[in-house]
Protein chains: 2
Amino acid sequence: MDQNASVNDLIVHRGKEYTCGIDVTLAVVGGKWKASILWHLAQETMRFSELQRQFSETTRKMLTQQLRELEADGLVHRKIYPQVPPKVEYSLTDKGRSIYPVLDMMCEWAKEHLQDEISG
Amino acid sequence: MDQNASVNDLIVHRGKEYTCGIDVTLAVVGGKWKASILWHLAQETMRFSELQRQFSETTRKMLTQQLRELEADGLVHRKIYPQVPPKVEYSLTDKGRSIYPVLDMMCEWAKEHLQDEISG
DNA sequence: CTGTATCCCGGGGGATACTG
DNA sequence: CAGTATCCCCCGGGATACAG
């Protein structure tokens, strides 16, 4: 293969190739509940049941799935307390925290440029 | 209506309510090809056929659909030249350009924090 | 409490053909 | 050239039940 065409941008993530970093970031935080999950975990470590309450519109299955993917991507840490009944805490890793400014910027952009659509 | 509980964040977009700006932004740019389309259009105005070449992996249908949604969201301008054969040019609106820094940040985050996954 | 396993439905999105 | 229209398949994700 060729050696120094070597990619300004080619990134492999979870077996898929991306030519643009944006798409990778979207793959990581673009899931249906991921951004909100990260947003909440940025405030505080939460137990699974707390997340369930926060995201009462979704199912355990989806919540678990999104958390597992975030964990696999190294954004979320899952701490299991070996006790009965089980206790599991979710928190952000450094990598997870590092994406906060991006999320914040997305939030600000929405507020600024979609403000006309704010109900009131 | 209620006075100053008034929403830190409640935004209505395309008939859906969002409690978080992030999700609205994702609704706008999170579509399968939208971010890349915006990215390319930020460089230059492009005709439909040029976009087709750039996004040869997708179909006319999807490309059209994504462009229509971006247009409806006011990020992309569609200029039709009334001639035969037809000529249509797509470009960014001010609003479309305003999201560039966000996309750029997403790109940078991916490069910094997923660098270990860069193939080489 | 914190999950998995299973079933099942709707819609996103591809392939293809048609049109102004 | 720049699209629609149609068909159809796949799988994301909801509901529900079971499990350690």
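Quick caveat, the model's predicted, so the values are computed rather than measured. Protein chains get the first letters and strands the later ones, always in sequence-line order, with residue 1 at the start of each.
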Which pair of heavy atoms, one from [X] and one from [Y], lies closest together, and at what distance?
X: Asp23(A); Y: Ala35(B); answer: OD1-CB, 4.3 Å
X: Gly21(B); Y: Ala110(A); answer: O-CB, 3.4 Å
X: His13(A); Y: Ala27(A); answer: CD2-CB, 4.4 Å

Exercise for the section: Give Tyr90(A) one of three labels, base, sugar-phosphate or nothing, depending on what nucleic acid heavy atoms sit under 4.0 Å from its own. Expected result: sugar-phosphate
What's the [atom1]-[atom2] distance between [X] and [N], to the nearest Å?
X: Ile80(B); N: dG3(D); atom1: CD1; atom2: P; answer: 7 Å
X: Gln83(A); N: dG3(C); atom1: CD; atom2: P; answer: 13 Å
X: Leu67(B); N: dC1(D); atom1: CG; atom2: P; answer: 17 Å
X: Leu63(B); N: dG12(C); atom1: CG; atom2: C1'; answer: 16 Å
X: Tyr81(A); N: dG3(C); atom1: OH; atom2: P; answer: 13 Å
X: Arg68(A); N: dT2(C); atom1: CZ; atom2: P; answer: 12 Å
X: Gln52(A); N: dT4(C); atom1: CD; atom2: P; answer: 12 Å
X: Lys79(A); N: dT2(C); atom1: NZ; atom2: P; answer: 14 Å

Completion exercise
Nucleotide by nucleotide, nucleotides 5-20 of chain D touches protein heavy atoms under 4.0 Å in the pattern (B base, S sugar-phosphate only, - none) -B------BBB-B--B
Donor-acceptor pair, distance only, cut-off 3.5 Å: does the side chain of [X] make one with the backbone of [Y]?
X: Gln43(A); Y: Trp39(A); answer: yes
X: Thr93(A); Y: Leu75(A); answer: yes
X: Lys95(A); Y: Asp73(A); answer: yes
X: Arg97(B); Y: Ala42(B); answer: no

Fill in the blank from the handout: Axis-to-axis angle for the helix from dC1(C)-dG20(D) to dG20(C)-dC1(D), ends of five pairs each, to 10°, equals 50°
If the cut-off is 4.0 Å, is [X] near the phosphate of [N], judged by side-chain N/O to OP1 or OP2?
X: Ser49(B); N: dA2(D); answer: yes
X: Arg78(A); N: dG3(C); answer: yes
X: Arg47(A); N: dT2(C); answer: yes

Completion exercise
Interatomic distance, CD1@Ile80(A) vs CD@Glu89(A), rounded to 0.5 Å, equals 11.5 Å
Problem - salt bridge (charged side-chain N to carboxylate O under 4.0 Å, His left out) involving Glu50(B) - partner list, sequence neighbours excluded - result: none
